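Worth saying up front: this structure is predicted, and the values here are computed from it rather than measured.
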Amino acid sequence: KKATIGGNISTNAGGMRAVKYGVTRDYVMGLELVLADGTVVMAGSKNRKDTSGLDLKEIVIGSEGTLAGITKCILKLIPKPEDSLSVLLSFDSLKAGIESVRQIIQANLNPTAMEFIERKVIQLGEDYLKMSFPEPEASAYVLTTLDGSRNEINDHLEGLRKVAKESGALSVLPLEDKEEAARVWKIRGMLVKGVEAHVTRKVVGAELRIQIDAFVNFVNAFEKECGMRMISFGHAGDGNVHLCVIRGDRDDKTWEKELDANLTVLYDKAYALGGLASG
């Protein structure tokens, strides 16, 4: 797998750090484009303000190559943070974890990333990598990162401890050991691989931040009702849920029929909660 700047722009890529730093669109100032007939045009520039006509640059970003090819880009750059610290919050329920996300954001703790993961999902990553995740007695986790100067991180860590206590967290574990932090993030990063080991269809849906627990709880209940295994995790900070639907031992005909019916139910619930399909 590889990523390119053009690909990031074409998909308006985001990811774990979008909660603090935004998505690719926020850093694109100008694009050189090649249209279908070979015409080369420049959209945007280094100027901060341009209200003369339609903003072609914004239309092309996220269009996935359907409108033009990108040959050059002008990007806004920001300094690399002085330091960073990952912190693992553990909870006895997903609902409590998602509530803490709201409180963290409202407290202006400015986290770089916030990932929500249920214990049953972490088990897949552990099995795939043959590694162990901290705090195994928890039902759900919020994995977050703080960055900036060391003083800023220390101040935000104290704020994080306060929020965690108020939201009923079982524990707050600063991952000061770099090897432990790398192991935790590696397990998180391999969740999809762990799921794909069971043969899967992956669906990505973006939910409103306040509705994550409602959607995931619905998925868990629907999983029992329909008998098709479903795994949910994602970016709590910007409300993005990754939903993996597992085929199991179904033959092609049964898989296609049940998948279509179940995805209809899942998408309908996502839309009812104010969400949308993001990829």
Side-chain angles (χ1 to χ4, degrees), residues 11-20 22-23 62 88-106 111 113-125 138-144 163-164 167-170 187-192 194-196 198 200-248 258-279:
T11 57
N12 191 30
M16 296 179 184
R17 296 175 177 81
V19 61
K20 178 174 181 177
V23 294
L88 183 67
L89 311 179
S90 62
F91 299 87
D92 60 7
S93 71
L94 177 64
K95 183 177 179 60
I98 297 304
E99 177 60 33
S100 78
V101 171
R102 284 196 288 271
Q103 294 177 356
I104 290 168
I105 292 172
Q106 291 170 358
M114 281 194 290
E115 300 292 292
F116 77 89
I117 326 158
E118 291 184 285
R119 175 64 208 171
K120 67 175 186 178
V121 182
I122 283 295
Q123 184 71 52
L124 294 173
S139 296
Y141 308 91
V142 172
L143 177 58
T144 185
V163 167
S167 60
L170 299 175
I187 293 173
R188 162 60 187 88
M190 285 295 174
L191 292 183
V192 172
V195 173
E196 285 176 347
H198 298 272
T200 182
R201 162 76 175 265
K202 186 180 151 194
V203 180
V204 183
E207 289 296 299
L208 290 179
R209 184 179 299 136
I210 58 173
Q211 300 288 349
I212 288 178
D213 57 327
F215 182 69
V216 174
N217 287 335
F218 174 84
V219 170
N220 290 340
F222 185 57
E223 175 187 35
K224 295 177 182 178
E225 177 186 329
C226 71
M228 184 175 285
R229 193 176 181 194
M230 301 175 185
I231 303 295
S232 305
F233 55 92
H235 314 315
D238 64 347
N240 194 286
V241 179
H242 294 252
L243 174 61
C244 298
V245 183
I246 297 177
R247 175 172 179 164
E258 292 187 11
L259 179 66
D260 183 65
N262 291 340
L263 288 183
T264 298
V265 173
L266 293 167
Y267 282 130
D268 286 349
K269 183 62 176 181
Y271 297 142
L273 291 172
L276 51 85
S278 67

ask   = Under the salt bridge (charged side-chain N to carboxylate O under 4.0 Å, His left out) test, which residues partner Glu118, sequence neighbours left out?
value = none

query = How long is the span from the CD atom in Glu223 to the CD atom in Glu225, to the nearest 0.5 Å?
reply = 11.5 Å

task = Return the set of residues passing side-chain hydrogen bond (donor to acceptor under 3.5 Å, both in side chains) with Ser90 (not counting sequence neighbours), or none when no residue passes.
result = Ser171

inquiry  = Would you call the rings of Phe233 and His242 parallel, tilted or perpendicular, taking 30° and 60° as the class edges?
reply    = parallel

request  = Output yes when a side-chain donor or acceptor of Thr144 lies under 3.5 Å from a complementary backbone atom of Ala113, and no otherwise.
outcome  = yes

ask   = Nearest heavy-atom pair of Pro111 and Val19: which atoms, and what distance?
value = O-CG1, 3.6 Å

ask   = To the nearest 0.5 Å, what is the distance between CG (Leu243) and CZ (Phe215)?
value = 5.5 Å

ask   = Above 12 or not: heavy atoms from other molecules or residues under 6.0 Å from NZ of Lys95?
value = no

task = Output, in order, the C-alpha distance, side-chain angles, deciding distance and verdict of side-chain contact (heavy atoms from CB on, under 4.5 Å) for Val245 and Met228.
result = CA-CA 7 Å; Val245 183; Met228 184 175 285; 3.1 Å; yes

inquiry  = Taking side-chain contact (heavy atoms from CB on, under 4.5 Å) as the definition, give me every residue that meets it alongside Ser139, ordered by chain and number, with sequence neighbours left out.
reply    = none

message = Among Leu143, Leu89, Val216, which residue satisfies the side chain to side chain contact (heavy atoms under 4.5 Å, CB included) criterion with Phe116?
response = Val216

request  = Given side-chain contact (heavy atoms from CB on, under 4.5 Å), test His235 with Met114 step by step and report yes or no.
outcome  = CA-CA 6 Å; His235 314 315; Met114 281 194 290; over 6 Å; no

message = Please check if the number of heavy atoms outside Arg119 that lie under 6.0 Å from its CZ is greater than 12.
response = yes

